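Here the structure comes first, spelled out in structure tokens, and everything after it is commentary.
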Amino acid sequence: PPMAASAPHRGGGGGNYAPGYGPPPPMAVPPQQPHPNAMAPPPQPPMDMRPPMMPPPPPPPAQSFRQLPAMVGPMLQFVSVELERALWHGSVLVMTNESLLPQGARSASGAGQGAGPGAHVPTVEVWDDGVHGPGTGKPKTFVAKALYTEPTYRYTFWRADITLVLPQESEVDVLYQVYWSADEHAVQSPSARRTHSFRLPAQASRWRMCVTSNNQFSPRVSEATRATLRGSGPVFRDLLAKHKTNPFHVWIGTGGQFNGESVWDDCEQVLRPFLIPALDNVRRSHVVWTAEMAAAVERWYLLEYMRQWFGIGSSSPMEVDGQACFRQAVETIPYSFTPDSEIFAGYGSYSPTLQSSPVFSGIKTIGAKYYALFQAHTTPELAHREHGFLAEGYHSLKQLGPYTVLLTLDTRTERHLAGIVDRASYDQLFADLDARVPPTATNLIVVASNPVIFPRTKNFESLLRSASNSGITSIISYAVNGGSSKQARNDWISKDRFGEANAVTKLNDFWTCAVHRSERSFLVHSLQDFARRRSCRVTFVSGHVNCLSAAHFRTVQDAKYDARKYPEQRGFVSDFRSMIQLTVSGMVQEPADGLTLRAFHFAGKTAPFDAYTEEKMYHTFNMDVNQLPPPNNNQKLLGRRSYGIIIEHEFDNDRQRPGLLSFFYVEDETCVGTANPYIINIPPLRYPILPAQQQQLPPMQQQQ
């Protein structure tokens, strides 16, 4: 079978582990305290460094921002592998502001230059021979280019494109430093510069990937709940321990690397004309987006990224550990991130009246810009012209060696109530798949923030849209045995600040929502066609839902079809319709509540996708991490924090057609680490490759 779940447990017992990672180490350090191996967060500015809530006065002189660091970063991105020349492509992002350097540390030649691109351009120095390092050999140098200078604090974003030759047989630990000549201390002493490292795979390597979702707490999670979970660090520290043991080649972020939910509260004063409770949404749609709003929101995104990723600024004590881990991870694991809550939670799933309003559009423009800068090392203007992003938004196609390709779907930038990705973008994406995926590829990993295969929401969508509040309350009370989950009940039945039902907005986010049925069908049929023609296994990787699950599509078995003529009838290995969905829960965010899990469990029945394909949730979690049956015997979804590991793997000793091994590492019951993993095997597809021909994509009906 394609899937086998281990019975996870803590400590000994001969459990199965991801190759190269072994059993979990003892985790005796209380998460409230910084881990001894974790990088300490930088000094934190006081509360008054938070984004101003009032309409902004003229920017004060830079001297009042002394407690902000002069340089932020580095952040390391994986771009792709160029097979023809065996080249690894990545990029390093840093932010600088010379005026924030202490007077004694400022290079004399740069005194008085202030912010913005000038004489002091950062350079990334790289040692990739596995022997030399700072002070012992001449580095390769990569000069950064300025992307953008933000208007208030005058930070300049710099991108250095890194190109390295992949070694033939053995992997190499690459060392790098950021050299910035504006900093006199760094000029005088290379040892004053921090040294970072990452693992460069060999041409013969089997690639190792880690998969995460929701790496930040939602502001709605109380301090008491954060304390019960022992803060943001336990699962993140476990991932970094695995990375230290056997470094990952790429970090797949399925969304939620940044949480933009607080933009409405933190910028409430300047956005007040839009947020007046008495306004209906038609009147909100006529509120003008002002320069004051734009300035305050831009400041907020900049400072909030610096806080969430690097701990710069005020933070909850329960966030400090995770911020230190995040900083270490973005410096040492080349990342490939897709957006989800990066604009704000639910963007694209609100009513058309709100979505088209000037205020929504203005916040989206700024939120998308800062996603592009921090997470994609680009700008909206450069993303497609220079940095390889496809169609509209930030879709990408990345080669991981000769056998695995990463197709990352941006399911936020183009989203609206009736659609997730525009048809023109799909046409370009599938044209690029045909043109750029090499014939050696055996795995196509499709990254989408929301799971493509997940319990269908149709039944309780109808309920929530048509029932009265009292009826909903009664049904939900029954579902949770008379009120054991009051907060969960309130979350489902309450309305948001715009008067729209929270539950309906949440459900509109899902691929399985009725309004997205035609688009989901189009996407899956197009991928089935690609898999059949290229004999390439398609696997979905997602997050967003804050619970773990695994599921699949597969061909309906029917005796009237001769398996000699229809190879897909022979079983998983030759079934081009068989696609597995891997869904990780949040690595930091609070897991989904019991009510939500029970609702999706009841909705997650085997169902026909079309006349030839069925979809099914796996019973992956037959045992919980404590060796007991899962809550409510829900074996399909597990509400614990987690991350995933995916490794290329040879099945049946076939070195030319590796498949994938995947592992769910799930937080243990004491919230100090992870238990033994749940394992899912994904063998390669062996379907007879048909002669190349011009293919027509299936129709996608427009929703009314």
Side-chain angles (χ1 to χ4, degrees), residues 24 27-51 67 212-241 253 255-266 300 303-330 340-342 344-345 485 487-488 491 543-544 546-547 584-594 625 639-643 665-675:
M27 305 289 285
V29 180
Q32 295 92 328
Q33 304 172 10
H35 190 272
N37 293 328
M39 187 174 299
Q44 299 180 6
M47 280 295 290
D48 60 6
M49 295 312 301
R50 298 281 286 165
Q67 289 169 302
T212 67
S213 172
N214 290 352
N215 303 332
Q216 311 293 337
F217 277 125
S218 163
R220 293 174 296 156
V221 179
S222 68
E223 286 297 305
T225 300
R226 297 181 188 202
T228 300
L229 294 168
R230 296 181 181 264
S232 59
V235 182
F236 221 144
R237 278 190 279 108
D238 190 271
L239 182 145
L240 287 177
Q257 293 79 230
F258 173 84
N259 190 305
E261 191 173 345
S262 292
V263 66
W264 298 108
D265 292 323
D266 290 350
W300 184 85
L303 294 179
E304 190 66 8
Y305 260 103
M306 293 167 68
R307 188 190 72 82
Q308 291 186 23
W309 281 31
F310 298 98
I312 299 169
S314 62
S315 295
S316 156
M318 294 294 105
E319 293 178 307
V320 171
D321 197 12
Q323 288 164 343
C325 292
F326 197 98
R327 174 179 176 174
Q328 187 174 347
V330 297
D340 186 22
S341 60
E342 273 67 8
F344 55 82
S485 184
Q487 182 58 49
D491 287 346
H544 178 82
N546 291 314
C547 63
V584 296
S585 56
M587 187 161 60
V588 171
Q589 172 66 332
E590 177 189 17
D593 57 79
V625 295
R640 295 188 183 275
R641 299 190 293 186
S642 71
Y643 61 89
Y665 277 88
V666 183
E667 186 170 34
D668 62 23
E669 210 170 25
T670 59
C671 298
V672 294
T674 62

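Because the structure is a prediction, the values reported are computed rather than measured. These numbers come from the heavy atoms of this one structure, side chains and all, not from hydrogens, waters or symmetry mates.
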- Query: Under the side-chain hydrogen bond (donor to acceptor under 3.5 Å, both in side chains) criterion, do Ser218 and Glu590 qualify, and how do the steps go?
  - Reply: CA-CA 8 Å; Ser218 163; Glu590 177 189 17; over 6 Å; no
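The aromatic rings of Tyr665 and Tyr643 sit parallel to each other, their planes meeting at less than 30°, with 60° as the upper class boundary. Between Phe326 and Trp309, the ring planes are tilted. Angles from 30° to 60° get that label.
In this structure, the side chain of Ser642 does not engage the main chain of Val584 through any donor-acceptor pair within 3.5 Å. With hydrogens and angles disregarded, a donor-acceptor distance shorter than 3.5 Å links the side chain of Ser222 to the backbone of Thr225. The backbone N or O of Phe217 sits nowhere less than 3.5 Å from a side-chain atom of Glu319 that would complete a donor-acceptor pair. When atom types are taken as modelled, the side chain of Glu342 and the backbone of Phe258 share a donor-acceptor pair closer than 3.5 angstrom.
The shortest non-hydrogen separation linking Thr212 to Leu239 is CG2-CD1, 3.8 Å. The shortest non-hydrogen separation linking Ser213 to Gly543 is OG-CA, 3.5 Å. Of all heavy-atom pairs between Arg230 and Thr670, the closest is NE-O, 3.0 Å. For the residue pair Asn259 and Pro219, the shortest heavy atom distance occurs at OD1-CD, 4.0 Å. Nearest approach of Val221 to Arg226, heavy atoms of both residues: O-NE, 3.0 Å. The minimum heavy-atom distance linking Pro234 with Gly231 is given by the pair CD-O, 3.6 Å.
For the pair Gln257 and Gln308, the minimum side-chain heavy-atom distance is 4.5 Å or more. Between Val588 and Gln216 the shortest side-chain heavy-atom distance does not fall below 4.5 Å. Proximity of Arg641 to Pro591: side-chain heavy atoms (C-beta onward) are separated by under 4.5 Å at one or more points.
Expressed to the nearest 0.5 Å, how far CE of Met587 lies from SG of Cys325 amounts to 8.0 Å. Arg220 CZ to Ser262 OG: the interatomic distance, rounded to the nearest 0.5 Å, is 10.0 Å. Note that the CD1 atom of Ile312 and the CD atom of Gln67 stand 12.0 Å from one another [nearest 0.5 Å]. Distance check: Arg640 CZ to Ser585 OG gives 10.5 Å after rounding to the nearest 0.5 Å.
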